[in-house]
> 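Shown below is the structure under consideration.
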Amino acid sequence: MELSMPPPQIYVEKTLAIIKPDIADKEEEIQDIILRSGFTIVQRRKLHLSPEHCSNFYVEQYGKMFFPNLTAYMSSGPLVAMILARHKAISYWKELLGPTNTLVAKETHPDSLRAIYGTDDLRNALHGSNDFAAAEREIQFMFPDVIIEPIPVGQAAKDYLNLYVTPTLLQGLTTICKEKPADPFIWLADWLLKNNPNKPKLCHNPAAEEP
(Lines give C-alpha, C1' and ligand atoms only; values in the text may rest on other atoms or scores of the structure.)
Protein backbone atom coordinates (compact mmCIF):
# COMPACT_ATOMS: atom_id res chain seq x y z
CA MET A 1 0.00 0.00 0.00
CA GLU A 2 1.53 3.27 -1.09
CA LEU A 3 1.62 6.14 1.33
CA SER A 4 0.21 9.39 -0.05
CA MET A 5 2.96 11.97 0.08
CA PRO A 6 2.26 15.71 0.08
CA PRO A 7 3.55 17.53 -3.00
CA PRO A 8 6.99 19.09 -2.46
CA GLN A 9 7.10 22.82 -1.78
CA ILE A 10 9.97 24.98 -2.95
CA TYR A 11 10.60 27.79 -0.49
CA VAL A 12 12.87 30.72 -1.36
CA GLU A 13 13.62 33.11 1.48
CA LYS A 14 12.55 36.75 1.08
CA THR A 15 13.57 39.97 2.76
CA LEU A 16 12.53 43.60 2.56
CA ALA A 17 14.94 46.16 1.13
CA ILE A 18 14.41 49.91 1.20
CA ILE A 19 16.36 52.52 -0.74
CA LYS A 20 15.94 55.51 1.56
CA PRO A 21 14.83 58.98 0.38
CA ASP A 22 18.22 60.67 0.16
CA ILE A 23 19.56 58.13 -2.36
CA ALA A 24 16.36 57.19 -4.20
CA ASP A 25 17.93 58.70 -7.32
CA LYS A 26 20.55 55.91 -7.17
CA GLU A 27 17.85 53.23 -7.57
CA GLU A 28 19.02 51.97 -10.97
CA GLU A 29 22.64 51.36 -9.99
CA ILE A 30 21.65 49.82 -6.64
CA GLN A 31 19.21 47.47 -8.36
CA ASP A 32 22.01 46.44 -10.71
CA ILE A 33 24.17 45.54 -7.69
CA ILE A 34 21.25 43.62 -6.17
CA LEU A 35 20.70 41.56 -9.32
CA ARG A 36 24.42 40.88 -9.79
CA SER A 37 24.52 39.64 -6.19
CA GLY A 38 22.11 36.83 -7.00
CA PHE A 39 18.86 38.33 -5.77
CA THR A 40 15.55 38.38 -7.61
CA ILE A 41 13.44 41.51 -7.17
CA VAL A 42 10.00 39.98 -6.61
CA GLN A 43 8.12 43.27 -6.22
CA ARG A 44 9.04 46.93 -6.01
CA ARG A 45 7.18 50.14 -5.39
CA LYS A 46 8.14 53.78 -5.05
CA LEU A 47 6.18 55.70 -2.44
CA HIS A 48 6.31 58.67 -0.11
CA LEU A 49 5.49 57.70 3.48
CA SER A 50 3.89 60.07 5.94
CA PRO A 51 5.55 60.55 9.37
CA GLU A 52 2.69 58.48 10.87
CA HIS A 53 3.40 55.54 8.53
CA CYS A 54 7.12 55.79 9.32
CA SER A 55 6.31 55.68 13.04
CA ASN A 56 4.27 52.53 12.51
CA PHE A 57 7.01 50.91 10.43
CA TYR A 58 9.69 51.65 13.05
CA VAL A 59 7.41 50.96 16.02
CA GLU A 60 10.12 48.84 17.70
CA GLN A 61 12.35 51.92 17.86
CA TYR A 62 9.66 54.06 19.53
CA GLY A 63 10.90 55.97 22.56
CA LYS A 64 14.55 56.05 21.52
CA MET A 65 16.34 59.41 21.27
CA PHE A 66 16.78 59.22 17.49
CA PHE A 67 13.16 58.21 16.77
CA PRO A 68 11.83 61.69 15.79
CA ASN A 69 14.81 62.30 13.47
CA LEU A 70 14.39 58.81 11.98
CA THR A 71 10.71 59.32 11.09
CA ALA A 72 11.47 62.81 9.73
CA TYR A 73 14.27 61.39 7.56
CA MET A 74 12.23 58.48 6.23
CA SER A 75 9.28 60.74 5.38
CA SER A 76 11.42 63.46 3.78
CA GLY A 77 10.91 62.19 0.21
CA PRO A 78 10.06 59.18 -1.97
CA LEU A 79 11.68 55.85 -1.11
CA VAL A 80 11.86 52.54 -2.98
CA ALA A 81 10.64 49.35 -1.25
CA MET A 82 11.55 45.95 -2.73
CA ILE A 83 10.96 42.31 -1.89
CA LEU A 84 14.22 40.46 -2.54
CA ALA A 85 14.45 36.68 -2.88
CA ARG A 86 17.33 34.22 -2.95
CA HIS A 87 18.82 31.45 -0.79
CA LYS A 88 19.43 32.93 2.68
CA ALA A 89 18.19 36.31 1.43
CA ILE A 90 18.03 37.93 4.87
CA SER A 91 21.62 37.21 5.91
CA TYR A 92 23.08 37.87 2.44
CA TRP A 93 21.31 41.23 2.16
CA LYS A 94 22.49 42.25 5.65
CA GLU A 95 26.03 41.28 4.66
CA LEU A 96 25.80 43.33 1.47
CA LEU A 97 24.48 46.33 3.46
CA GLY A 98 27.21 46.32 6.09
CA PRO A 99 26.97 47.78 9.62
CA THR A 100 23.98 49.95 10.49
CA ASN A 101 26.19 52.93 11.36
CA THR A 102 27.61 54.33 8.13
CA LEU A 103 30.73 55.69 9.86
CA VAL A 104 31.52 52.21 11.22
CA ALA A 105 30.75 50.68 7.83
CA LYS A 106 33.23 52.99 6.10
CA GLU A 107 35.98 51.83 8.50
CA THR A 108 35.24 48.11 8.79
CA HIS A 109 33.34 47.26 5.56
CA PRO A 110 34.38 49.87 2.96
CA ASP A 111 32.86 47.87 0.08
CA SER A 112 29.41 47.57 1.70
CA LEU A 113 26.43 49.52 0.36
CA ARG A 114 26.08 51.64 3.49
CA ALA A 115 29.75 52.59 3.33
CA ILE A 116 29.36 53.61 -0.32
CA TYR A 117 25.98 55.37 -0.17
CA GLY A 118 25.48 56.29 3.49
CA THR A 119 26.17 59.68 5.06
CA ASP A 120 26.17 59.22 8.86
CA ASP A 121 24.77 57.04 11.66
CA LEU A 122 21.18 58.11 10.84
CA ARG A 123 21.26 58.53 7.06
CA ASN A 124 22.60 55.06 6.29
CA ALA A 125 21.08 54.83 2.80
CA LEU A 126 19.38 51.42 2.88
CA HIS A 127 17.28 49.16 5.07
CA GLY A 128 17.22 45.39 5.48
CA SER A 129 15.14 43.11 7.69
CA ASN A 130 16.95 41.76 10.76
CA ASP A 131 15.41 38.27 10.82
CA PHE A 132 12.56 36.18 9.42
CA ALA A 133 9.93 37.61 11.78
CA ALA A 134 10.96 41.18 10.92
CA ALA A 135 11.01 40.38 7.19
CA GLU A 136 7.51 38.93 7.36
CA ARG A 137 6.14 41.95 9.25
CA GLU A 138 7.91 44.54 7.09
CA ILE A 139 6.95 42.91 3.79
CA GLN A 140 3.31 42.79 4.92
CA PHE A 141 3.55 46.47 5.88
CA MET A 142 4.85 47.61 2.51
CA PHE A 143 3.01 44.99 0.40
CA PRO A 144 -0.12 44.18 2.46
CA ASP A 145 -1.66 41.54 0.18
CA VAL A 146 1.44 39.58 -0.77
CA ILE A 147 1.58 35.92 0.29
CA ILE A 148 4.55 35.21 2.54
CA GLU A 149 6.08 31.80 1.87
CA PRO A 150 5.85 29.02 2.93
CA ILE A 151 2.53 29.14 1.09
CA PRO A 152 -0.34 28.57 3.56
CA VAL A 153 -2.12 25.23 3.55
CA GLY A 154 -5.11 23.81 5.37
CA GLN A 155 -7.10 26.31 7.42
CA ALA A 156 -4.64 29.16 6.71
CA ALA A 157 -5.19 28.67 2.97
CA LYS A 158 -8.97 28.58 3.44
CA ASP A 159 -8.81 31.77 5.49
CA TYR A 160 -6.80 33.50 2.75
CA LEU A 161 -9.23 32.37 0.04
CA ASN A 162 -12.24 33.49 2.09
CA LEU A 163 -10.66 36.85 2.89
CA TYR A 164 -9.15 37.83 -0.48
CA VAL A 165 -10.14 35.54 -3.36
CA THR A 166 -13.79 34.55 -2.86
CA PRO A 167 -15.14 38.11 -2.35
CA THR A 168 -13.35 39.32 -5.50
CA LEU A 169 -14.63 36.41 -7.62
CA LEU A 170 -18.16 36.84 -6.26
CA GLN A 171 -18.11 40.54 -7.12
CA GLY A 172 -16.78 39.81 -10.60
CA LEU A 173 -19.32 37.07 -11.32
CA THR A 174 -22.16 39.26 -10.03
CA THR A 175 -21.04 42.10 -12.30
CA ILE A 176 -20.71 39.81 -15.31
CA CYS A 177 -24.29 38.63 -14.85
CA LYS A 178 -25.44 42.25 -14.97
CA GLU A 179 -23.22 43.26 -17.90
CA LYS A 180 -23.80 40.11 -20.03
CA PRO A 181 -20.71 40.68 -22.23
CA ALA A 182 -20.34 38.93 -25.59
CA ASP A 183 -17.17 37.14 -24.46
CA PRO A 184 -17.51 36.52 -20.72
CA PHE A 185 -14.09 34.88 -20.35
CA ILE A 186 -12.18 37.84 -21.81
CA TRP A 187 -14.38 40.28 -19.89
CA LEU A 188 -13.76 38.50 -16.58
CA ALA A 189 -10.01 38.32 -17.22
CA ASP A 190 -9.89 42.08 -17.87
CA TRP A 191 -12.07 42.76 -14.82
CA LEU A 192 -9.81 40.69 -12.55
CA LEU A 193 -6.74 42.54 -13.79
CA LYS A 194 -8.38 45.86 -12.88
CA ASN A 195 -9.63 44.57 -9.51
CA ASN A 196 -6.64 42.45 -8.51
CA PRO A 197 -6.80 41.94 -4.71
CA ASN A 198 -3.00 41.63 -4.63
CA LYS A 199 -2.45 45.08 -6.10
CA PRO A 200 -0.02 46.76 -3.65
CA LYS A 201 -1.57 49.34 -1.37
CA LEU A 202 -0.76 50.83 2.00
CA CYS A 203 -3.46 50.80 4.67
CA HIS A 204 -6.87 52.42 4.09
CA ASN A 205 -5.45 55.93 3.97
CA PRO A 206 -2.47 55.35 1.65
CA ALA A 207 0.63 57.44 1.56
CA ALA A 208 1.32 59.33 -1.63
CA GLU A 209 2.73 56.96 -4.23
CA GLU A 210 4.96 58.02 -7.07
CA PRO A 211 4.12 57.00 -10.66
Side-chain angles (χ1 to χ4, degrees), residues 13-31 33-34 39-85 89-90 93-94 96-102 105 113-114 117-149 152 159-160 163-164 167-168 194-211:
E13 189 172 277
K14 296 182 179 68
T15 190
L16 181 77
I18 295 177
I19 302 175
K20 297 183 179 182
D22 55 327
I23 64 155
D25 61 329
K26 304 290 186 182
E27 177 188 356
E28 188 173 335
E29 62 186 71
I30 292 172
Q31 284 189 0
I33 295 171
I34 289 170
F39 291 93
T40 296
I41 300 174
V42 179
Q43 287 195 45
R44 70 164 290 283
R45 63 185 304 207
K46 190 172 186 179
L47 64 158
H48 193 158
L49 294 178
S50 67
E52 291 75 19
H53 282 117
C54 292
S55 297
N56 291 335
F57 183 78
Y58 286 106
V59 64
E60 294 177 354
Q61 307 294 338
Y62 184 78
K64 295 184 178 179
M65 290 288 291
F66 59 81
F67 187 77
N69 290 334
L70 175 63
T71 56
Y73 164 46
M74 292 300 292
S75 61
S76 63
L79 55 80
V80 180
M82 295 174 287
I83 302 174
L84 306 185
I90 296 169
W93 179 237
K94 287 173 66 177
L96 192 60
L97 289 178
T100 303
N101 188 316
T102 296
L113 292 179
R114 285 176 174 149
Y117 294 102
T119 304
D120 53 36
D121 58 342
L122 176 67
R123 294 183 290 274
N124 63 358
L126 297 118
H127 169 84
S129 304
N130 279 328
D131 51 37
F132 181 82
E136 188 174 45
R137 181 186 72 82
E138 292 170 359
I139 289 172
Q140 290 285 181
F141 185 94
M142 293 292 183
F143 302 88
D145 295 322
V146 74
I147 300 177
I148 304 296
E149 290 183 293
D159 291 343
Y160 181 85
L163 184 61
Y164 295 108
T168 304
K194 294 176 184 176
N195 296 272
N196 179 7
N198 287 323
K199 186 177 182 180
K201 58 188 177 184
L202 192 60
C203 303
H204 296 291
N205 183 23
E209 187 156 358
E210 298 294 312

> Which pairs would a plain distance check flag for residues 72-85, meaning a side-chain donor or acceptor within less than 3.5 Å of a matching protein atom at least two apart in sequence or in another chain?
| residue | atom | partner | partner atom | Å |
| --- | --- | --- | --- | --- |
| Tyr73 | OH | Asp22 | OD1 | 2.7 |
| Ser75 | OG | Thr71 | O | 2.7 |
| Ser75 | OG | Ala72 | O | 3.3 |
| Ser76 | OG | Tyr73 | O | 2.6 |

> Do Arg123 side-chain atoms and Lys20 backbone N/O form a donor-acceptor pair below 3.5 Å?
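Pair absent, no side-chain N/O of Arg123 close to backbone of Lys20.
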> Checking side-chain contact (heavy atoms from CB on, under 4.5 Å) for the pair Leu96/Leu126: CA distance, chi angles, key distance, verdict?
CA-CA 10 Å; Leu96 192 60; Leu126 297 118; over 6 Å; no
> Between atom CG of Asp131 and atom OG1 of Thr15, what is the distance when rounded to the nearest 0.5 Å?
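Rounded to the nearest 0.5 Å, the CG-OG1 separation comes to 9.5 Å.
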> On a heavy-atom basis, which atom in Trp93 and which in His127 lie closest, and how many Å separate them?
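What the structure gives for the nearest pair is NE1-O, 3.1 Å.
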> For Arg45 versus Met142, what's the shortest heavy-atom pair and its separation?
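Result for this residue pair: NH1-O, 2.6 Å.
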> Measure the spacing between CD of Glu29 and CD of Glu27 and express it to the nearest 0.5 Å.
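Interatomic distance, Glu29 CD to Glu27 CD, rounded to 0.5 Å: 10.5 Å.
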> Look only at the side chain of Gln61 and the backbone of Phe67, and say whether a donor-acceptor pair between them is shorter than 3.5 Å.
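Looks like no, no N/O pair under 3.5 Å.
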> I need the Phe57 CZ to Arg137 CZ distance, nearest 0.5 Å.
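Output value for this atom pair is 6.0 Å.
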> Taking all heavy atoms of Thr168 and all of Asn195, pick out the closest pair and write down the distance.
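Answer, listing the atom of Thr168 first, then Asn195: CG2-O, 3.7 Å.
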> Could you go through Thr102 and Asp120, starting from their C-alpha distance and side-chain angles, then the distance that decides it, and tell me whether this counts as side-chain contact (heavy atoms from CB on, under 4.5 Å)?
CA-CA 5 Å; Thr102 296; Asp120 53 36; 5.6 Å; no
> Got a donor-acceptor contact below 3.5 angstrom from the Lys14 side chain to the Ala135 backbone?
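No.
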> Test Lys46 against Ile19 for side-chain contact (heavy atoms from CB on, under 4.5 Å), laying out the working first.
CA-CA 9 Å; Lys46 190 172 186 179; Ile19 302 175; over 6 Å; no
> Distance check, rounded to the nearest 0.5 Å: Asn101 atom CG versus Asp121 atom CG?
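If I round to the nearest 0.5 Å, the distance is 5.0 Å.
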> Determine the minimum heavy-atom distance between Ser129 and Glu138, stating which atoms define it.
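The answer is OG-OE1, 2.7 Å.
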> How long is the span from the CG atom in Leu16 to the CD1 atom in Ile139, to the nearest 0.5 Å?
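That separation rounds to 6.0 Å.
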> Donor-acceptor pair, distance only, cut-off 3.5 Å: does the side chain of Asn124 make one with the backbone of Thr100?
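Yes, the answer is positive, given that a donor and an acceptor are paired below the 3.5 Å cut-off.
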> Supply the atom-to-atom distance Tyr58 OH to Leu49 CG, rounded to the nearest 0.5 angstrom.
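So the gap between those two atoms works out to 9.0 Å.
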